[in-house]
Amino acid sequence: MAETMGRAINKYVIHNLLTLVLLLLLLVPVLMVLVQWLLNAGKINAISFLDRGALLLIVNSLLLSATVALLATLIGTACGFFLYKTHLKGRRLYLLLLIVPILISPYIFAVAWKDLLFLLFGSTASAFSTAGVIAVHTLIYFPLALLITGNALTNISSSLEEAGLMVTSFRKMIFKIVLPLIRPAFMSSFLLILVFSLGDFSVPAFFGIKTFTVEIFTQFSAFYNYDAAITKSLLLVGVCLILLLSEARYLSGAAFFSISTRGSNSKIYEMSGIGYVHHTSFAILIILSMLMPVFILLYQSLSGREIVIDSAWKLLKPAVFQSIKLAFWGALLISIIGLYAGYWQERLKSPFTNVLLLILFILPSTILGIAFIRFYNQPETGFIYSSLFIVLLGYIGKYGFIASRITGNGIRQIPVSLEEAAEVSGVRPVNKFIKILLPLLSPSLFVSFVLTFVLCLGELGTTIMVYPPGTELMPVKIFTISANAPQALTSSMALISLLITFFFIILFFMAGRVMFKKNSDE
């Protein structure tokens, strides 16, 4: 009895200790910025920073992001239905290709679509640039809605749909039964994409569109007006938290990054007569979201008076290898933390670490960067501020929740009876975890590592704020050089970055097929 109690105490002490470390390293910097702002509230004229222009800017930013969220959610939901609920030929290939854009850094798409608008209209005027931001964000984020609503669709019991079809038409059954059942997923995807679009810095900055996030970055980095930047940052944080407050309980346990859904009894519909319409629609989406950016970047790189790809590679080469190395360590740390947070949420019903990662996840990247700078740029923590560890902390803050949900959903699909049987047989908890849970979780852990690696490789918003002097990273290099470099050089560097990302996606995909095919054969 005493030994069992001792193990339980040790387990919770270790859990609380690790959670406390994450809290101190990641969330405390954000809270300290808030505390410092409150203490200086008497000296700071916050009203002057939040004038009519600032409020109008955030309203315009919200309208732009809401347009993106609505378009992306509608497109993603439609795609999710046909890819998850029908026998459409080639649906697995379509799903794989349509998910790729969410793995590519937004700044690459921004460069490509800016080039396209210039080729079509001869300029990137404000109207075209706004349309470009909406187009790029929609094409980047609709796969997120596809995954969220698609997973929700697979969880609808076929008996409900069959009962509905017995008393009404297919169309009415969709609107009266299916759509109400996936409403939480629809709203979650809408709000999540809204916050993503509102907090993105790279795409509006490339297009020269002044959004609230770009304004915060400009005030902090260009004008060194820290008070204005922090005041506006807190307003944006408040907006993001209010938007997601109603959906936090869904997002905290969201199943939108699942690898598979075991035991699903969802009804699958036959496609007949209009299948070619859907094939054409998916082909257009794939062209716009993946093939068009590659073609435009390639065209711009090769259409100048001289080929600059060689020069672009020489400029980018040191940053490429540094970025790959940093992304590897970032993905490894994030996957470990995601496994830890997911296990405690799903098995031990302790959601605090997962909620902590969720809060960091919804914070705009520029705000996270400002908080880290203000907190770690002190004599006591200067060793973190001047090292690459601060970049790794930014990666964990941005993508830790994704890894937590991937592994958490994987754990949720593993029957608890397997672990209970091992416990009854006298297997130690450590051996139970290593020999039972980890092998069954290997697909989830692999996807967690691959996804976070690719995301870290292209992360710009937080990285550009916190990367230490003397460090060259690929997205930062492309962004900083684009202001004064010829367009062909910027396009060539973006093309190289895109091809490197594609290389790793294909490499990991092939490695995964070999690994898991071997495991299934055994």
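The structure places OH of Tyr395 at 8.5 Å from CG of Leu388, a figure rounded to the nearest 0.5 Å. Here the CG-SG distance, from Leu451 to Cys456, works out to 9.5 Å after rounding to the nearest 0.5 Å. Here CG of Leu83 is found 11.0 Å from CZ of Arg92. Values are rounded to the nearest 0.5 Å. Of the inter-residue distances, the one linking Leu393 atom CG with Leu360 atom CG reads 10.5 Å to the nearest 0.5 angstrom. One finds the CZ atom of Arg91 at 10.5 Å from the CZ atom of Phe282 (value rounded to the nearest 0.5 Å). Leu441 CG to Leu339 CG: the interatomic distance, rounded to the nearest 0.5 Å, is 6.5 Å.
Judged by distance alone, the side chain of Thr154 and the main-chain N or O of Asn151 form a donor-acceptor pair under 3.5 Å. Ser189 places a side-chain N or O within 3.5 Å of a backbone atom of Phe186 that can act as its donor or acceptor partner. The closest donor-acceptor contact from the side chain of Arg412 to the backbone of Glu346 lies at 3.5 Å or more, if one exists at all. Counting only distance, with no hydrogens or angles, the side chain of Ser386 and the backbone of Gly382 share a donor-acceptor pair below 3.5 Å. Thr213 places a side-chain N or O within donor-acceptor distance of the main-chain N or O of Leu198, the cut-off being under 3.5 Å. Asn377 contributes no side-chain N or O that, together with a main-chain N or O of Ile373, makes up a donor-acceptor pair within less than 3.5 Å.
Nearest heavy-atom pair, Ile193 versus Ala69, reported as atom, atom and distance to 0.1 Å: CG2-CA, 3.7 Å. Nearest heavy-atom pair, Leu457 versus Pro475, reported as atom, atom and distance to 0.1 Å: O-CD, 3.7 Å. Contact between Ser65 and Ser197 at its shortest, heavy atoms only, is OG-OG, 3.3 Å. The two residues Pro468 and Ser387 make their nearest non-hydrogen contact at CG-O, 3.7 Å. Among all heavy-atom pairs drawn from Gly461 and Ser365, the shortest one is CA-OG, 3.3 Å. Taking every heavy atom of both residues into account, Ala319 and Leu473 meet most closely at CB-C, 3.6 Å.
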Practice task
Applying side chain to side chain contact (heavy atoms under 4.5 Å, CB included), run through Ile411 and Arg347 and close with a yes or a no.
Solution key: CA-CA 8 Å; Ile411 292 169; Arg347 283 294 188 259; 3.6 Å; yes
Exercise for the section: Evaluate side chain to side chain contact (heavy atoms under 4.5 Å, CB included) for Leu438 paired with Leu445, printing each intermediate quantity in order. Expected result: CA-CA 9 Å; Leu438 282 184; Leu445 291 172; 3.8 Å; yes
Handout entry: Candidate pair Asp200 and Ser202, rule side chain to side chain donor-acceptor pair (under 3.5 Å), full reasoning
Key = CA-CA 6 Å; Asp200 180 55; Ser202 59; 3.3 Å; yes
Handout entry: Lys398/Leu363 under side chain to side chain contact (heavy atoms under 4.5 Å, CB included): CA gap, chis, key distance, verdict
Key = CA-CA 8 Å; Lys398 287 300 296 177; Leu363 288 178; over 6 Å; no
Handout entry: Step-by-step side chain to side chain donor-acceptor pair (under 3.5 Å) determination, Thr407 to Ser448
Key = CA-CA 7 Å; Thr407 51; Ser448 171; 5.9 Å; no
Practice task
Give the intermediate values and the outcome of side chain to side chain contact (heavy atoms under 4.5 Å, CB included) for residues Ile370 and Ile216.
Solution key: CA-CA 9 Å; Ile370 289 172; Ile216 292 169; 3.6 Å; yes
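Using cut-offs of 30° and 60° for the angle between ring planes, the Phe196 and Tyr141 rings count as tilted.
When side chains are defined from C-beta on, Tyr84 counts as touching Leu147, because their heavy atoms get closer than 4.5 Å. In this structure, the side chains of Leu288 and Ile284 come closer than 4.5 Å at one or more pairs of heavy atoms. Leu285 is listed as a side-chain neighbour of Ile75, based on a closest heavy-atom distance under 4.5 Å. Put simply, the side chain of Val33 does not reach to within 4.5 Å of the side chain of Phe375, judged on heavy atoms. Side-chain contact between Phe206 and Val133: absent, with no pair of heavy atoms (C-beta onward) separated by less than 4.5 Å. Between Thr463 and Leu326, every side-chain heavy-atom pair lies at or beyond the 4.5 Å cut-off. Side-chain contact between Leu71 and Phe142 is absent, with no heavy atoms from C-beta onward closer than 4.5 Å. Between Lys477 and Leu316 there is a side-chain heavy-atom pair separated by less than 4.5 Å.
Taking the six-membered ring for Trp, Tyr376 and Tyr385 have ring centres at least 6.0 Å apart. Annotation: Phe201 is in aromatic contact with Phe479 [ring centroid separation under 6.0 Å]. In this structure, the ring of Phe82 has its center no less than 6.0 angstrom from the ring center of Tyr94. Ring centroid separation for the pair Phe453 and Phe328 does not come in under the 6.0 Å cut-off.
Listed by first and then second residue, the salt bridge (charged side-chain N to carboxylate O under 4.0 Å, His left out) pairs that reach into residues 446-471 come to none, sequence neighbours excluded.
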Which pairs would a plain distance check flag for residues 96-110, meaning a side-chain donor or acceptor within less than 3.5 Å of a matching protein atom at least two apart in sequence or in another chain?
unit_1	atom_1	unit_2	atom_2	d
Ser105	OG	Gly458	O	2.6
Tyr107	OH	Ser497	OG	2.9

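Contact check on Glu472 versus Lys317 returns no salt bridge, with no Lys/Arg side-chain nitrogen under 4.0 Å from an Asp/Glu carboxylate oxygen.
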